[in-house]
Amino acid sequence: MTSEKNIKTSLGPTLHQIDEGLWEIDLTNLRIFFGLSILSRTIGEEIGNLLQSLPGDLAFTYKINPNINHELVDMHIQHVQVFARAGILKDWVLFREEFEENLRFVFGSFQQQSIAKKIHPEFYGEDPNRNSSLALLFPFDTDFVHPSGYYILMERVQSQSRIGDFFLRITIDSQEDGCLNLKNIPHEVVSDVHSRTYIAGASKISESLSNGIINVAQKGETFYEEENSHFSKVFSQIEKTPLGKLSNINFYWEEQYRNFIISSDPSVSLSILKKLFLLLEDSSASKKIKEGNTIRAIIGKTSIYVDLSRLDRVLNFSFNQKRTLVDPNFYLKRMPILETIANGKGHKFSFEGVHIFLIHHITSEIISLIETFRRLKANSLNVAFVKYGGNIPPVYLDILLDIPTETFYMAGLEFKLTKNNTPYYGVSPLYSDFDIHATFRHKLEEAKLGFFDAMRRLSTYLFLNQLLQLVEKKEKIILIEDGGYVAPVLNEFALNDMTFGEVLSEFWVEGKNKSILDRKFSEILKEHVIGSVEHTRNGFDRLTKIRDERKSLVLPAYSIAISKEKTLEESKEVARSIINAIENTLHGIGKVLSKRKILILGAKGNIGGFLKKYLIGGSLHESNLNVLEVDRKFEIESTYVKKSFQSITETEFSKIDLVIGVTGESILEPKDFETWILESEHKQLFLASGSTKTIEFANFIQWTNELNTIEKPKLKDKNLSISFQRILDPQTQMDLGSKIIFKIPEMNLEKEIYLISDGSPVNFLFFGVPTESMDPIISQLASVSLGMVNQYKTKNLLSPELYAVDHQIDVWGNLL
């Protein structure tokens with residue numbers, strides 16, 4: 001019986017509505033079978049083989065393997081007998097895949113309790129004297145006969161050789177000239193094929209996921225994530241269900257369930273996972289989940305909450321309690337200074353009537369900043385997320401993808417490798433729907449760019465795309481960025497006297513309104529872009545360079561890059577987080593930081609100075625306190641202090657096994673790496689960047705890529721073989737960067753260079769700078785942006801020039 005609050009499932013148990021958006025189903029007594037897809041595949045292959053060799057009717061008997069299908073054997077079903085008259089499957093080669101799918105459905109019917117008890121009543125608690133076995137007829141379409149001309153009848157038949165045993169008779173026949181008289185065969189028609197989507201290999205999938213959960217639970221974890229990949233069978237199978245295409249499957253549990261699964265036999269966890277996948281096979285259940293409902297599956301004493309999140313891309317299983325849904329307020333409350341600004345305390349400014357384009361790292365602090373912009377009534381917010389290495393915590397994506405899409409859009413990049421292991425960056429599928437920008441995604445994929453170039457392309461494309469829409473609406477936008485990706489480009493192109501159409505074309509943006517495209521880009525910017533706000537020193541320096549070379553800027557640019565708070569306080573914490581990331585990576589491969597021979601490039605900068613202080617003051621062994629420093633700001637050179645890298649001798653460099661770069665430039669040349677590989681005293685060498693983007697070791701990345709594409713690479717006239725591996729954390733399997741192995745057979749030489757985080761800032765591999773230290777800095781970014789917008793609204797906006805907080809302006813953008 002089916003009502004609005006009770007839905008009968010193909011599995012047998014009923015879905016009951018408990019509350020708005022919550023449905024429940026009890027799967028405790030659901031009988032489960034393993035190896036049904038293997039059985040159907042084996043039968044299908046045998047049919048295919050015999051069709052090619054037999055001259056007439058197809059007939060064979062297959063003995064069921066108890067090691068694969070022990071549940072069937074336990075039910076006293078020992079054999080499968082298959083029969084098809086000659087000609088029934090004459091066009092089998094044309095519909096082979098569909099036939100095999102249908103065969104899986106036939107055998108999978110044992111998993112559908114309501115159907116299976118018809119053919120095998122006593123094993124489902126039915127009285128065989130009152131309910132005798134019925135054959136199951138599978139027509140596979142509403143017109144009874146499949147277009148190719150066949151239907152399948154499955155009967156349970158008493159064994160003639162062993163009393164109490166049975167075999168399954170599979171007859172493939174047609175209605176037109178069939179040999180079966182169906183009127184004389186008591187049967188049940190199983191016509192609703194669409195009520196269930198058979199997930200092939202569900203047993204193996206369940207076993208793999210169950211093992212993954214048990215492994216992480218034994219380490220004390222309460223979360224397990226399975227990511228979609230090009231070869232992932234579980235995702236390709238689930239895609240056939242109403243759930244559609246997924247990017248992740250996440251499992252959450254609490255301490256009680258963790259103790260339960262690590263103290264139980266592995267078969268218990270496997271049984272639970274198998275039942276959950278059977279639930280997904282049912283169309284009624286999958287549709288309810290797809291519609292935004294949560295299903296609570298009861299399995300014994302365990303309750304599992306099943307739902308979708310992140311724009312229906314992530315399937316969540318939460319054991320014994322619903323997963324905790326965190327919202328942006330949770331993170332904003334951890335930042336009292338920023339929360340005060342967000343709540344309008346101490347000021348009356350807002351972003352009302354203005355659109356924001358933000359470029360920044362994906363951290364909890366930036367989630368707080370996004371919430372601040374929303375509270376302060378920004379018309380819309382578009383974000384290009386800067387993402388180097390490390391994993392994005394699932395909760396961040398859950399929060400961001402829950403923000404209404406009418407006023408919020410986000411995009412980012414993902415690290416990729418070509419077939420010959422050349423790294424590049426493409427558009428990530430984790431963020432907002434990118435289908436409307438499919439042409440750009442395709443072009444970026446073809447370009448195979450490094451991080452900085454790809455990020456500049458992505459962020460500038462998205463900014464210009466939005467600007468084009470705002471020009472037509474006659475609205476305003478402010479650019480807030482971390483790293484100088486867009487503002488320097490905008491100023492430079494405008495100063496080059498280019499048209500809007502020429503700039504759009506340069507960044508693959510398609511525009512159609514000729515009257516707009518023919519206008520000067522500088523005019524468009526002045527009319528629709530209030531100005532830019534910059535976070536980092538690199539971005540500040542890029543704007544400074546353009547201003548000095550061109551003697552002007554087109555837009556006012558405010559920056560917090562050299563504020564007292566940022567240069568002193570943040571630099572300390574960045575230095576600590578760099579050391580923490582290097583130490584964690586080294587521990588993962590069995591090494592320690594305390595014994596490394598270290599070279600710091602940019603040692604006299606804010607971060608470099610604190611790096612040396614913290615290394616000598618705590619991280620390095622007391623017998624290993626000499627750190628080699630390089631910085632052009634040094635006035636006097638000594639044994640361990642150099643003005644340039646060229647001042648370091650080959651002997652001195654050969655003792656170094658860890659180079660930390662915080663210059664924002666690519667100082668080391670290919671010849672330097674050649675020397676390091678050939679002359680170093682160490683087999684394992686390490687490169688770690690603490691500066692923005694992937695510039696620090698760009699020369700090394702380009703050089704290894706070139707060596708990798710050469711048919712016969714050489715290292716100073718010696719034959720070289722080069723190979724690439726990933727650095728994986730042994731506990732979490734987190735990707736920590738790349739390992740490049742150099743071998744020179746004639747010298748019997750092998751060296752490994754570990755490029756931590758693939759040359760991007762290592763501190764972003766883990767937690768970055770703690771929230772407590774970032775609060776005043778992100779607050780400055782918010783307040784100076786508010787100040788700029790308020791100046792525009794009150795017609796007091798400063799002239800196009802570069803203004804630094806604590807130097808020319810205060811934290812609200814007012815001139816000092």
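Small disclaimer: the values here were computed from a predicted structure and weren't measured.
- A salt bridge links Arg296 with Glu24; the closest basic N to acidic carboxylate O contact falls under 4.0 Å.
- In this structure, a donor-acceptor pair under 3.5 Å is absent between the side chains of Thr171 and Asp173.
- At most 12 non-hydrogen atoms from other residues, nucleotides or ligands lie less than 6.0 angstrom from NZ of Lys245.
- Side-chain contact between Lys387 and Glu414 is absent, with no heavy-atom pair separated by less than 4.5 Å.
- Residues Phe415 and Tyr424 form no side-chain contact, since every pair of their non-hydrogen atoms from C-beta on lies 4.5 Å or further apart.
- For the residue pair Tyr305/Asn320, the side-chain donor-acceptor check at 3.5 Å is not satisfied.
- Within the 4.5 Å cutoff, the side chain of Ile214 has heavy atoms near those of the Ser269 side chain.
- When the shell of 6.0 Å around NZ of Lys290 is examined, it contains more than 12 heavy atoms from other residues, nucleotides or ligands.
- Using a 4.5 Å heavy-atom cutoff, the side chains of Tyr252 and Phe317 are not in contact.
- Note on ring orientation: taking the six-membered ring where Trp is involved, the planes of Tyr150 and Phe99 are perpendicular (angle over 60°, cut-offs 30° and 60°).
- With contacts defined as side-chain heavy-atom distances shorter than 4.5 Å, the pair Ile289/Val306 qualifies.
- Residues Ser318 and Asn316 have side chains that never bring a donor and an acceptor to within less than 3.5 angstrom of each other.
- The pair Asp57-Arg85 does not count as a salt bridge, with every side-chain nitrogen at least 4.0 angstrom from each carboxylate oxygen.
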Inset, instruction - Take Asn215 and Tyr224, measure what side-chain hydrogen bond (donor to acceptor under 3.5 Å, both in side chains) needs, and give me the verdict at the end. - result: CA-CA 9 Å; Asn215 286 338; Tyr224 179 72; over 6 Å; no
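- When ring centroids are compared, His70 and Phe34 stay outside the 6.0 Å threshold.
- Between Phe123 and His76, the angle of the ring planes lies from 30° to 60°, which puts this pair in the tilted group.
- No more than 12 heavy atoms of other residues, nucleotides or ligands sit less than 6.0 Å from atom CZ of Arg162.
- For Lys301, the NZ atom is loosely surrounded, since the number of other residues' heavy atoms within 6.0 Å does not exceed 12.
- Asp282 and Ser10 share a donor-acceptor pair across their side chains, judged by distance under 3.5 Å alone.
- Here the OG-CG distance, from Ser206 to Leu278, works out to 7.5 Å after rounding to the nearest 0.5 Å.
- A side-chain N or O of Ser203 and one of Lys274 form a donor-acceptor pair less than 3.5 Å apart.
- The salt bridge (Lys or Arg N to Asp or Glu O under 4.0 Å) search around Arg258 returns Glu255, not counting sequence neighbours.
- Between Glu188 and Lys117 there is no salt bridge, since no side-chain N of the basic residue sits under 4.0 Å from a carboxylate O of the acidic one.
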Inset, instruction - Start with the C-alpha distance between Ser738 and Asp758, add both sets of side-chain angles, then the distance that settles side-chain hydrogen bond (donor to acceptor under 3.5 Å, both in side chains), and finish with yes or no. - result: CA-CA 6 Å; Ser738 52; Asp758 295 297; 3.1 Å; yes
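- By the 4.5 Å heavy-atom criterion applied to side chains, Val216 and Phe223 are not counted as neighbours.
- Judged as a salt bridge (Lys or Arg N to Asp or Glu O under 4.0 Å), the pairs with a partner in residues 314-325 (not counting sequence neighbours) are, in order, Asp307-Arg323, Arg323-Asp398.
- Lys118 NZ: 12 or fewer foreign heavy atoms inside a 6.0 Å radius.
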